[in-house]
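Presented below is the structure to which this report refers.
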Amino acid sequence: AYIYRASLFFSLALYAVKVRAEAMQKASEAVPSGMLSVVGRREANYKFACLEARKHCESLGVENPVCEISNYLFPDSRVIAGHLQALEFLQENARKYYFTRTKMLPVSGAFHTRLMEPAVEPLAEVLNSIEIQKPLVCVYSNVDGKKYMHTKHIQKLLAKQVVSPVMWEQTMHSVYERKQGTEFPYTYEVGPGKQLGAVLKKCNLKAWKQYNHVDALEDEEAAET
């Protein structure tokens, strides 16, 4: 969001989002795929589970099967995306891989995997055709969890993000990295729900103690009364 406000005109940002969404939807329709939210025990080996799920797909005749981690949410929680046959296999064998909970997400495709490769070029073309300014603040990329400010990095990482796993847990560690004895900043989650706060608590309990939730809807109702 910081990128769009500081580096792009809002209308151009919306156009880029539109192109990205349409291209990803088209890629989703090409292959029956999806995303599976997984919570596992400490013994869980997500990459090994994905490997066995791909082998299962190959045994069914699926060519170049995809099953990989698409989102690192917080310790012991991942989103796995890929061919539907692979995700169904993981659900059926959840106990074997020490998964305590699995849930299919209500999405149309395997986002943040190589199945989205057809969507990269259309987005990259749009980003190359519009002027991008240096952002006013450092932006953390969920591609690698690192902060950047160069316009070329914005173009490259926004396109790469389409096919790269979301490193949310790693980004949380980067954002709240502090020298010992340094106080953590105040963190405000604005809007409905406290999901980001719950994730922060899992990633960094000390930083979460400075967390507050602001419900925008409640503020609007209070203002009206």
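Scope of the values below: all heavy atoms of this structure, side chains included, with no hydrogens, waters or symmetry mates.
- Listed for the Glu189 side chain is no donor-acceptor partner under 3.5 Å among the backbone atoms of His213.
- Note on Val199: it clusters hydrophobically with Tyr140, by side-chain heavy-atom contacts below 4.5 Å among ILVMFWY residues.
- Arg78 is not listed as a side-chain neighbour of Lys47, based on a closest heavy-atom distance of 4.5 Å or more.
- A donor-acceptor pair under 3.5 Å is absent between the side-chain atoms of Glu169 and the main chain of Tyr72, judged by distance alone.
- Here the shortest heavy-atom pairing between Cys67 and Leu90 reads SG-CD1, 3.9 Å.
- When every heavy atom of Val79 is checked against every heavy atom of Leu105, the shortest pair comes out as CG1-CD1, 3.9 Å.
- For His150, the NE2 atom sits in a loose shell: 12 or fewer heavy atoms of surrounding residues, nucleotides or ligands are nearer than 6.0 Å.
- Atom CG in Leu127 sits 11.0 Å away from atom NZ in Lys152 (nearest 0.5 Å).
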Practice item. Report the C-alpha separation of Gln133 and Thr151 in whole Å, then their side-chain angles, then the decisive distance to 0.1 Å, and conclude whether the side chain to side chain contact (heavy atoms under 4.5 Å, CB included) test is met. Key: CA-CA 6 Å; Gln133 302 291 332; Thr151 56; 5.6 Å; no

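- Checked by atom type, the side-chain pair Ser108/Gln25 shows a donor-acceptor distance below 3.5 Å.
- Minimum heavy-atom separation, Val139 to Pro135: CG2-CB, 4.2 Å.
- His112 places no side-chain N or O within 3.5 Å of a backbone atom of Asn71 that could act as its donor or acceptor partner.
- With rounding to the nearest 0.5 angstrom, the NZ atom of Lys18 is 11.0 Å from the CG atom of Leu14.
- One hydrophobic cluster holds both Leu157 and Met24 under the rule that ILVMFWY side chains link at heavy-atom gaps under 4.5 Å.
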Review point. Under the side chain to side chain contact (heavy atoms under 4.5 Å, CB included) criterion, do Phe111 and Ser70 qualify, and how do the steps go?
Key: CA-CA 7 Å; Phe111 304 135; Ser70 64; over 6 Å; no

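- Without hydrogens or angle criteria, Ser33 side chain to Gly109 main chain gives no donor-acceptor distance under 3.5 Å.
- Other residues, nucleotides and ligands place no more than 12 heavy atoms under 6.0 Å from the OH atom of Tyr15.
- From Gln155, atom CD reaches atom CD1 of Ile130 across 8.0 Å, with rounding to the nearest 0.5 Å.
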**Study point:** Full working for side chain to side chain contact (heavy atoms under 4.5 Å, CB included) between Asn212 and Thr187
**Key:** CA-CA 6 Å; Asn212 286 284; Thr187 298; over 6 Å; no

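- A 4.5 Å side-chain heavy-atom check between Cys203 and Pro75 finds at least one atom pair inside the cut-off.
- Other residues, nucleotides and ligands place no more than 12 heavy atoms under 6.0 Å from the CD atom of Gln195.
- Using the six-membered ring where Trp is involved, Phe99 and Tyr97 have ring planes that are tilted, between 30° and 60° apart.
- Counting all heavy atoms, side chain and backbone alike, Val162 lies closest to Leu123 at CG2-CD2, 3.7 Å.
- Remark: Glu121 CD is loosely packed, at most 12 non-hydrogen atoms of other residues, nucleotides or ligands lying under 6.0 Å away.
- Between the CD atom of Glu52 and the SG atom of Cys57 there is a distance of 12.0 Å, given to the nearest 0.5 Å.
- In the hydrophobic clustering of ILVMFWY residues, with side-chain heavy atoms under 4.5 Å counting as a link, Val120 and Ile132 come out together.
- Among all heavy-atom pairs drawn from Glu183 and Arg178, the shortest one is O-NE, 3.9 Å.
- In this structure, Arg41 forms no cation-pi arrangement with Tyr98, as its terminal cationic atom is not both closer than 6.0 Å to the ring centre and no more than 45° off the ring axis.
- In this structure, the side chains of Leu115 and His83 come closer than 4.5 Å at one or more pairs of heavy atoms.
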Point to revise | Candidate pair Ser28 and Met116, rule side chain to side chain contact (heavy atoms under 4.5 Å, CB included), full reasoning | key: CA-CA 7 Å; Ser28 298; Met116 292 293 111; 3.6 Å; yes

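- Note that the SG atom of Cys138 and the OH atom of Tyr148 stand 10.5 Å from one another [nearest 0.5 Å].
- Val66 places a side-chain heavy atom less than 4.5 Å from the side chain of Arg114.
- Judged by distance alone, the side chain of Asn204 and the main-chain N or O of Ala207 form a donor-acceptor pair under 3.5 Å.
- Note on Leu73: it clusters hydrophobically with Tyr176, by side-chain heavy-atom contacts below 4.5 Å among ILVMFWY residues.
- Contact check for Val38 versus Ser77: no side-chain heavy atoms found under the 4.5 Å cut-off.
- Under the 3.5 Å distance criterion, the side-chain polar atoms of Ser174 are matched with a main-chain donor or acceptor of Gly145.
- Side-chain contact check for Val143 versus Pro165: every heavy-atom pair is 4.5 Å or farther apart.
- Using a 4.5 Å heavy-atom cutoff, the side chains of Leu200 and Met172 are in contact.
- Scanning all heavy atoms of the two residues, the minimum distance from Phe184 to Lys206 falls at CE1-CB, 3.5 Å.
- Two residues are said to be in side-chain contact when any heavy atoms from C-beta on lie closer than 4.5 Å; Lys194 and Tyr211 meet this criterion.
- For the atom pair CG of Leu51 and NE2 of His56, the computed distance is 13.5 Å after rounding to the nearest 0.5 Å.
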Practice item. Given side chain to side chain donor-acceptor pair (under 3.5 Å), test Arg20 with Gln161 step by step and report yes or no. Key: CA-CA 11 Å; Arg20 178 180 183 267; Gln161 192 257 0; 2.8 Å; yes

